A.B. asks: 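If you scroll down you'll find the structure; I have some questions about it.
Since this is a predicted model, take the numbers as computed values, not measurements. Throughout, numbering of the chain's residues begins at 1 and tracks the sequence.
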Amino acid sequence: PVSRKHVMIHELPAFFDMESLLFGDKEKAKYVAFMEKPELGTVLYLVDRNARDCNQKPQMFYAPSFFCFHVVNSFDSEEGKYFMTDLLTY
């Protein structure tokens, strides 16, 4: 998700299950290519697009585990104080 002032990167607790893809059930592997680790939760990184210092770390936010299917919209509030995003999640 991107707005005029920010970029958000979401780190989801879903990982490719290469063992299942390579050696697992061929029928299952057609549809299930990743494994979920909900105990890790979700991490959201908010990066300031206008930052002049390349070493500036992003803001990090921790959320309960979810999977994001699609980013619908992202924008900054009128006063520029808040970043908002709409996600389709499971």
Side-chain angles (χ1 to χ4, degrees):
V2 178
S3 71
R4 288 184 179 177
K5 294 175 66 176
H6 298 95
V7 174
M8 186 183 81
I9 301 166
H10 46 271
E11 182 180 339
L12 306 174
F15 304 89
F16 284 105
D17 186 352
M18 296 307 292
E19 186 176 337
S20 175
L21 285 171
L22 295 171
F23 307 112
D25 181 348
K26 292 186 185 204
E27 285 302 310
K28 179 183 172 189
K30 286 181 184 177
Y31 306 102
V32 181
F34 62 91
M35 60 184 160
E36 183 181 17
K37 294 187 177 182
E39 66 275 9
L40 297 177
T42 298
V43 183
L44 305 170
Y45 300 93
L46 191 61
V47 180
D48 182 354
R49 292 180 66 189
N50 299 316
R52 300 284 182 224
D53 181 3
C54 294
N55 294 319
Q56 181 179 342
K57 294 188 177 193
Q59 291 179 294
M60 293 173 63
F61 301 92
Y62 298 91
S65 180
F66 68 84
F67 184 80
C68 179
F69 292 102
H70 183 68
V71 176
V72 179
N73 189 19
S74 296
F75 58 96
D76 298 301
S77 61
E78 286 185 26
E79 68 278 2
K81 188 175 178 182
Y82 301 104
F83 172 80
M84 301 186 212
T85 188
D86 299 318
L87 308 171
L88 294 176
T89 65
Y90 173 76

A.B. asks: Check whether any side-chain heavy atom of Phe83 lies under 4.5 Å from a side-chain heavy atom of Met8, and answer yes or no.
C.D. replies: yes

A.B. asks: Quick check on Phe16: does its CZ atom have over 12 non-hydrogen neighbours (other residues, nucleotides or ligands) under 6.0 Å away?
C.D. replies: no

A.B. asks: Is there a chain of hydrophobic side chains (I, L, V, M, F, W, Y, each step under 4.5 Å between heavy atoms) that links Tyr82 to Val7?
C.D. replies: no

A.B. asks: Tell me whether Arg49 contacts the main-chain N or O of Ser3 through its side chain, where contact means a donor paired with an acceptor under 3.5 Å.
C.D. replies: yes

A.B. asks: Return the minimal non-hydrogen interatomic distance between Thr89 and Phe66, and the atom names on each side.
C.D. replies: CG2-CD1, 3.5 Å

A.B. asks: Check Pro1 against Leu87 and note the closest heavy-atom contact, atom names and distance.
C.D. replies: CG-CD2, 4.4 Å

A.B. asks: Has Lys5 got a side-chain atom pairing as donor or acceptor with Gly80's backbone, closer than 3.5 angstrom?
C.D. replies: yes

A.B. asks: Crowded around Glu78 CD? As in, over 12 foreign heavy atoms under 6.0 Å?
C.D. replies: no

A.B. asks: Hey, what do you get for CD1 (Ile9) to CG (Leu44), rounding to the nearest 0.5 Å?
C.D. replies: 10.5 Å

A.B. asks: Within this structure, what is the OG1-CZ distance for the pair Thr42 and Phe67, rounded to the nearest 0.5 Å?
C.D. replies: 10.5 Å

A.B. asks: Taking all non-hydrogen atoms of both residues, which atom of Asp48 and which atom of Asn50 are closest, and how far apart?
C.D. replies: OD1-N, 2.8 Å

A.B. asks: Quick check on the hydrophobic clustering: are Val43 and Leu12 connected, directly or via other members, by side-chain heavy-atom contacts under 4.5 Å?
C.D. replies: no

A.B. asks: Are any non-hydrogen side-chain atoms of Leu40 and Ser65 less than 4.5 angstrom apart?
C.D. replies: no

A.B. asks: Do the side chains of Tyr62 and Val47 join up, straight or via other hydrophobic residues, at under 4.5 Å, putting them in one cluster?
C.D. replies: yes

A.B. asks: Determine whether Met84 and Val2 fall in the same hydrophobic cluster, where Ile, Leu, Val, Met, Phe, Trp and Tyr are linked whenever their side-chain heavy atoms lie under 4.5 Å apart.
C.D. replies: no

A.B. asks: So if you build clusters from Ile, Leu, Val, Met, Phe, Trp, Tyr with side-chain heavy-atom gaps below 4.5 Å, do Val71 and Tyr45 land together?
C.D. replies: no

A.B. asks: Answer yes or no: is there a side-chain heavy-atom contact under 4.5 Å between His6 and Ser74?
C.D. replies: no

